[in-house]
Amino acid sequence: MQPTPGAAQDNQASPPAHPALTTRLTQLCTAHQVVADAVASLNTGHPTPLCVGLLDTQVGSDYLPAANMIVLSAKYAGAALGVIADKLILYRLAACLEQLPVNVNDPVALQAFNTRQEHLWRLANPAPGPVPPGMLRFYQGTNRDNFYTGPTSISVVGLDPSKAGGAIGCKRWEKHIVAAEFKDQGWHTVTLSFDVALSYARQHTEWAMGMKEHEPALFDVTDFGGLVLSFDVPEASVTGNDRWRQDKSGDSNNFQTTDAIARGQIQVVEPLAVPGPLTKVAPPPMVAQIPAVQRQASAAQGTGTKRRVYPTNFS
């Protein structure tokens with residue numbers, strides 16, 4: 001975990017605990033046993049319990065190991081951004097746990113660690129409620145700037161197809177572990193999968209946190225982090241409608257539409273998509289651990305003319 005600019009360093013005086021933010025952490029512990037267990041793990045070996053303080057900057061968040069303190073930027077001192085503060089506290093808590101030693105060679109220990117990390121991440125990004133009968137719920141991952149800023153933002157005018165996509169179809173976020181979707185000019189691309197939309201949205205947050213390669217600058221996640229929008233449409237109005245089609249990604253959840261979606265139809269179902277889940281993987285087995293039959297089969301495949309191997313990852 002890279003320290004955020006503006007964070008107090010271990011050899012400098014740490015900021016004091018912020019009572020209201022530390023209370024938010026306590027409330028999360030009371031409401032969720034997984035949070036209480038995570039905090040207990042971090043408190044082991046520390047003379048002071050985990051608390052939350054404020055940075056002297058309007059941008060960034062971090063964890064100060066020497067003080068056992070999560071620090072958020074000064075703008076979270078008030079209650080207005082309490083929901084976002086809770087999400088950042090949960091994210092930093094998971095990031096702290098990721099730095100603790102875990103025996104990744106022990107399947108039981110690894111599974112326990114990953115289950116807790118996934119649970120913390122889902123607490124920060126909970127799945128929405130059920131869809132009413134006869135309706136389709138579409139999601140779109142975007143950033144808070146697109147939604148909130150300016151007279152033509154989504155929060156003012158809704159989803160306007162004249163502003164959608166580019167002159168040529170393009171895959172969003174060229175490298176992605178969840179899915180791909182295509183954007184075409186004049187068509188809004190949406191998905192029936194909350195997790196796919198969340199995955200795109202959290203990449204906006206990663207960008208704002210300076211986690212994208214070659215783009216390390218920090219931005220305020222409240223302004224530029226990712227969020228997930230949703231709107232419900234009667235299933236009958238989509239079936240057989242030329243203004244709706246599936247996109248070119250091959251994912252049956254992904255659709256495109258030229259319909260304008262009014263602001264009143266749109267809900268913010270996730271106000272800040274946080275990175276994660278911050279899990280670990282077991283190392284590949286050593287040669288001595290691979291069964292002899294499997295090793296012999298692999299060796300037989302390697303004899304004779306070598307086959308050219310083409311790259312599968314493209315930038």
Side-chain angles (χ1 to χ4, degrees), residues 1 3-8 13-44 46-100 116-129 144 148 198 201-202 204-206 208-209 218-228 268-278:
M1 178 179 62
T4 304
S14 299
H18 188 273
L21 289 174
T22 301
T23 296
R24 300 195 76 90
L25 173 63
T26 302
Q27 291 170 342
L28 288 169
C29 289
T30 302
H32 306 285
Q33 187 60 46
V34 66
V35 179
D37 292 343
V39 170
S41 295
L42 286 173
N43 285 342
T44 302
H46 281 279
T48 57
L50 182 70
C51 60
V52 185
L54 290 176
L55 293 168
D56 58 357
T57 174
Q58 292 295 316
V59 178
S61 61
D62 209 335
Y63 170 67
L64 308 181
N68 198 27
M69 177 184 291
I70 293 171
V71 282
L72 306 181
S73 60
K75 71 184 306 174
Y76 297 102
L81 294 175
V83 172
I84 304 297
D86 284 350
K87 293 176 181 294
L88 290 174
I89 289 171
L90 288 169
Y91 166 69
R92 284 298 169 189
L93 183 58
C96 297
L97 293 173
E98 189 186 26
Q99 304 304 309
L100 296 180
R116 182 167 65 179
Q117 291 291 80
E118 289 167 359
H119 194 168
L120 288 171
W121 177 71
R122 188 55 82 181
L123 278 179
N125 294 140
R144 293 174 62 87
Y148 288 111
L198 178 64
R202 74 175 186 256
H204 288 287
T205 305
E206 290 171 2
M209 288 180 169
L218 281 172
F219 297 90
D220 184 4
V221 296
T222 304
D223 293 334
F224 296 100
L227 49 65
V228 178
V268 177
V269 291
E270 178 47 69
L272 182 67
V274 301
L278 304 179

Charged N to carboxylate O below 4.0 Å: is that the case for Asp37 and Arg116?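 Salt bridge: no.
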Heavy-atom distance under 4.5 Å between the side chains of [X] and [Y], does that happen here?
X      : Y      : answer
Thr205 : Tyr91  : no
Leu100 : Leu42  : yes
Leu88  : Met209 : yes
Leu97  : Leu278 : no
Pro49  : Val39  : no
Thr22  : Cys51  : yes
Pro271 : Ile84  : yes

Approximate separation, where rounding is to 0.5 Å, of [X] [atom1] and [Y] [atom2]:
X     : Y      : atom1 : atom2 : result
Lys75 : Thr222 : NZ    : OG1   : 4.5 Å
Tyr76 : Leu55  : OH    : CG    : 10.5 Å
Thr23 : Leu28  : OG1   : CG    : 11.0 Å
Cys29 : Leu93  : SG    : CG    : 7.5 Å
Asn43 : Thr48  : CG    : OG1   : 8.0 Å

Give the minimum heavy-atom separation between [X] and [Y], together with the two atoms involved.
X      : Y      : answer
Tyr63  : Val71  : N-CG2, 4.5 Å
Ala77  : Leu54  : CB-CD1, 3.7 Å
Arg122 : Leu198 : NH1-CD2, 4.1 Å
Val221 : Leu272 : O-CD1, 3.9 Å
Asn68  : Leu50  : ND2-N, 3.1 Å
Ala74  : Gln58  : CB-NE2, 3.6 Å

Walk me through whether Ile70 and Leu21 qualify under side chain to side chain contact (heavy atoms under 4.5 Å, CB included). CA-CA 10 Å; Ile70 293 171; Leu21 289 174; over 6 Å; no
Partners of Arg24 by salt bridge (charged side-chain N to carboxylate O under 4.0 Å, His left out), sequence neighbours excluded?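 Checked Arg24 against salt bridge (charged side-chain N to carboxylate O under 4.0 Å, His left out); matches are Asp86.
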Applying side chain to side chain contact (heavy atoms under 4.5 Å, CB included), run through Lys87 and Leu90 and close with a yes or a no. CA-CA 5 Å; Lys87 293 176 181 294; Leu90 288 169; 5.7 Å; no
For Val268 and Tyr148, what are the C-alpha separation, side-chain angles and deciding distance, and is it a side chain to side chain contact (heavy atoms under 4.5 Å, CB included)? CA-CA 11 Å; Val268 177; Tyr148 288 111; 4.3 Å; yes
Do any N or O atoms from the side chain of Arg144 and from the backbone of Gly225 form a donor-acceptor pair under 3.5 angstrom?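 Not at all, since once roles are kept as given, no pair shorter than 3.5 Å links the two residues.
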Backbone of Ser73 reached by a side-chain donor or acceptor of Thr57 within 3.5 Å: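 Checking the backbone N and O of Ser73 against the side chain of Thr57, no donor-acceptor pair under 3.5 Å is found.
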